> 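Before anything else, here's the structure in question.
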Protein chains: 2
Amino acid sequence: MRAVTIKDVAQAAGVSKATASRVLSGHPATSPEARKAVGAAVEHLGFRPNAQARSLRKTRTQTIGLLLPDVRNPFFADLAHAVEQRARDFGYLTLFGNANESVEQQDRYIEVMLSQRVDGVIAAPQGDEENLANLLGSGVPVVFVDRVLDNTDVPSVSPDNVTGIQEAVRHLASQGHRRIGYIAGPQSSSTGRERLTAYREAIAGTGADDAEELIFFGDFQAASGAAGARTLLELADPPTALLAADSLMSIGAIAVCNQRGVAIGSGISFVGYDDIEAFTLLNPALTVIAHDVDAMGRIAVEMLTSVIAGGSPASRVLPSRLIVRGSTPEPSRGQHP
Amino acid sequence: MRAVTIKDVAQAAGVSKATASRVLSGHPATSPEARKAVGAAVEHLGFRPNAQARSLRKTRTQTIGLLLPDVRNPFFADLAHAVEQRARDFGYLTLFGNANESVEQQDRYIEVMLSQRVDGVIAAPQGDEENLANLLGSGVPVVFVDRVLDNTDVPSVSPDNVTGIQEAVRHLASQGHRRIGYIAGPQSSSTGRERLTAYREAIAGTGADDAEELIFFGDFQAASGAAGARTLLELADPPTALLAADSLMSIGAIAVCNQRGVAIGSGISFVGYDDIEAFTLLNPALTVIAHDVDAMGRIAVEMLTSVIAGGSPASRVLPSRLIVRGSTPEPSRGQHP
DNA sequence: CATACTTGTGGAATCGGTTCCATGGAATCG
DNA sequence: CGATTCCATGGAACCGATTCCACAAGTATG
């Protein structure tokens with residue numbers, strides 16, 4: 001069962017390969033008769049062009065690579081979905097690479113994508129420039145998403161890591177909280193660093209307790225969120241409010257609070273990161289720092305197509321905002337401040 | 001900045017293209033000198049073989065397609081991750097196709113995958129055989145995962161849709177529940193049909209109330225779970241326990257219960273489907289029907305490699321089991337039966 | 001009416017690898 | 001020692017599309 005080729009189509013239509021190809025690619029210099037004959041042959045034979053052969057000849061593959069740390073993280077799943085949908089609009093196929101939170105696997109995927117000759121890459125980078133040297137040195141158009149690397153001039157779309165945290169800290173302080181625990185992300189990522197700085201500045205601005213013991217350093221994974229909650233709850237003078245720097249660490253921390261019978265909303269106030277669907281299930285629902293993941297994915301694709309076309313779009317920072325729900329109630333309503 | 005080709009490598013190493021190719025593909029008939037020279041040239045020039053050209057000549061692309069309804073569903077995200085990891089072990093790249101719960105997009109992705117000449121496809125099919133005619137008629141090896149299509153002899157890995165539901169219904173009945181509401185999946189999918197049949201048989205077996213009004217037909221999406229919970233809670237004689245046939249409908253239903261102040265665990269008992277991480281956050285934690293998603297993904301890949309190798313592996317059904325947690329408490333402990 | 005410009009077409013080259021086949025030299029055998 | 005086998009190698013064909021180029025026929029222009 002050999003696949004049908006354009007040669008078979010040409011033969012069946014009584015024209016040359018060249019003419020068949022022109023008809024199929026919508027070239028204007030084709031006669032109505034040729035169009036009709038080729039169309040009929042394609043239909044009859046069930047011809048499906050070989051994408052490999054096409055992209056070998058053209059230099060474009062109409063494929064972009066999307067390099068993510070982990071699809072199982074709801075934030076990245078949403079991002080993947082948004083990127084894929086928008087890429088489709090531009091006629092691009094998206095090749096997902098799941099680095100599985102490892103720089104080695106990230107490197108392997110970079111190699112694969114370059115071998116596949118993707119037309120461009122959208123990456124949420126892990127590690128530093130060195131880990132991405134292959135990609136950055138390849139000349140392939142790249143756009144960073146969610147995270148940024150210093151010392152590079154790669155265009156990026158990232159969330160505003162300052163405003164959301166600021167609003168959250170002020171919100172908690174205005175409710176009388178003085179000890180606000182913070183489960184930080186890894187300082188190797190721009191996101192982790194910027195959010196921590198924002199937390200420190202906001203704490204200083206409100207005059208709340210700035211003890212270093214209130215900060216736990218996690219790694220954006222659920223387990224580290226759990227570890228953070230344990231550590232902070234066991235302090236001699238434990239925090240009355242918790243703030244976590246990403247969705248998975250929020251999940252881990254909430255699980256620990258539940259296990260220990262520390263009731264969220266009454267026993268402790270909690271602000272999570274990313275407005276994922278599951279957070280609305282909690283009772284009370286979670287106050288979160290939200291940003292528009294769909295927009296982030298869409299814009300990343302648009303920026304990449306611009307880079308592919310030879311442009312050099314400016315990096316963008318998308319707004320974050322605090323969505324107040326039941327997990328950070330007014331002190332008068334049962335919260336011990 | 002033209003890409004480095006094997007011709008450049010051959011030239012730099014002072015050998016022919018043929019020899020360079022043999023060295024690169026590990027052909028035994030190569031001299032140590034040739035290996036050394038080619039190796040050095042590859043290193044020096046930064047050669048990266050063009051996957052397009054290679055798969056054009058060989059008939060294999062070392063790529064498999066994974067066709068899923070929606071990555072944003074945590075169950076499918078986990079499945080995607082498992083498939084990708086296992087495929088990697090076999091030297092395959094995974095091309096994700098997100099059908100976005102639409103048969104049109106599914107069809108589009110089938111076309112893309114066939115054009116890309118994937119070596120095989122793992123699919124959680126939507127619709128019926130007709131919607132997959134292109135794929136099934138193409139001669140490309142296919143394995144179904146999670147869902148099954150009748151009237152086809154495609155090998156599949158699916159969860160045991162009977163045992164888990166049975167255990168859940170018996171568990172609830174043994175706690176004294178007589179009216180057990182069921183939020184069913186779409187009857188167009190094998191999973192939806194089998195789970196409903198299991199529910200009906202289990203209800204009959206325990207002698208609980210088998211009123212048709214206790215069954216709501218959803219579509220495996222969160223919104224339909226919410227609609228189901230609303231409808232069932234508004235019955236003149238509402239159920240004292242709810243059971244939902246997938247994770248997203250569970251999420252929707254739980255959200256509605258929370259909104260209405262119907263406390264899960266005390267106001268109503270609830271059994272969810274799929275043991276996703278977020279469910280453990282709930283307080284009380286959710287009793288669920290769980291199955292081993294990782295195993296499902298791994299086995300699907302193994303079966304597909306077997307089909308690619310010319311075998312015809314037997315379909316497999318993986319066990320489900322009930323994990324009892326706080327959302328279905330003993331009646332004596334605060335549950336009104 | 002001769003020249004120039006379109007228009008549709010087919011032959012052939014091309015993209016970057018892999019692989020068949022022929023060749024020459026070294027090793028092995030009777 | 002001659003015949004056979006083995007090994008490493010290079011030339012050339014090939015995979016399936018696209019595209020350059022030349023050409024023939026038809027149309028517009030001076």
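Note that the structure is predicted; figures quoted are calculated from it, not measured. In the text below, chain A, chain B and the rest are named by the order of the sequence lines, each starting its count at 1.
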> Can you pull out the residues from residues 24-46 of chain A that lie within a 4.0 Å heavy-atom distance of DNA chain D?
none
> Note the angle between the end axes of the helix from C:dC1-D:dG30 to C:dG30-D:dC1, five pairs defining each, rounded to 10 degrees.
40°
> D:dG10 phosphate, OP1 or OP2: any side-chain N/O from B:T19 under 4.0 angstrom?
yes
> Do the side-chain N and O atoms of B:E111 and B:N134 include a donor-acceptor pair separated by under 3.5 angstrom?
yes
> What is the distance from CZ of A:R60 to C1' of D:dT18, rounded to the nearest Å?
15 Å
> When B:R147 is tested against each of B:P159, B:S158, B:S190 for side chain to side chain contact (heavy atoms under 4.5 Å, CB included), which residue passes?
B:S190
> Just by modelled atom types, is the B:F75 backbone N or O under 3.5 Å from a matching donor or acceptor in the B:D78 side chain?
no
> From the options B:L135, B:L67, B:V142, B:L149, select the one residue that forms a side chain to side chain contact (heavy atoms under 4.5 Å, CB included) with B:P125.
B:L149
> Measure the shortest side-chain to side-chain distance between B:M113 and B:I110 over non-hydrogen atoms and say whether it is less than 4.5 angstrom.
no
> Would you say A:R35's side chain and A:T30's backbone share a donor-acceptor pair under 3.5 angstrom?
yes
> Toward the 5' end of DNA chain C, which comes first, A:G14 or B:A20, by nearest nucleotide?
A:G14
> Can a donor-acceptor pair be found, under 3.5 Å and without considering hydrogens, that links the side chain of B:N50 to the backbone of B:Q52?
yes
> On a heavy-atom basis, which atom in A:G91 and which in A:Q62 lie closest, and how many Å separate them?
O-OE1, 3.3 Å
> Please test B:L93 against A:Y109 for side chain to side chain contact (heavy atoms under 4.5 Å, CB included), starting from the C-alpha separation and ending with a verdict.
CA-CA 9 Å; B:L93 177 65; A:Y109 261 114; 3.8 Å; yes
> Using a cut-off of 4.0 Å between protein heavy atoms and nucleotide atoms, how would you tag nucleotides 11-16 of chain D 5' to 3' with B, S and -?
B-BBBB
> Counting distance only, does the side-chain N/O of A:N98 pair as donor-acceptor with the main-chain N or O of A:V71 below 3.5 Å?
yes
> Rounded off to whole Å, could you give me the CG-to-C1' distance for the A:D8 and D:dA17 pair?
13 Å
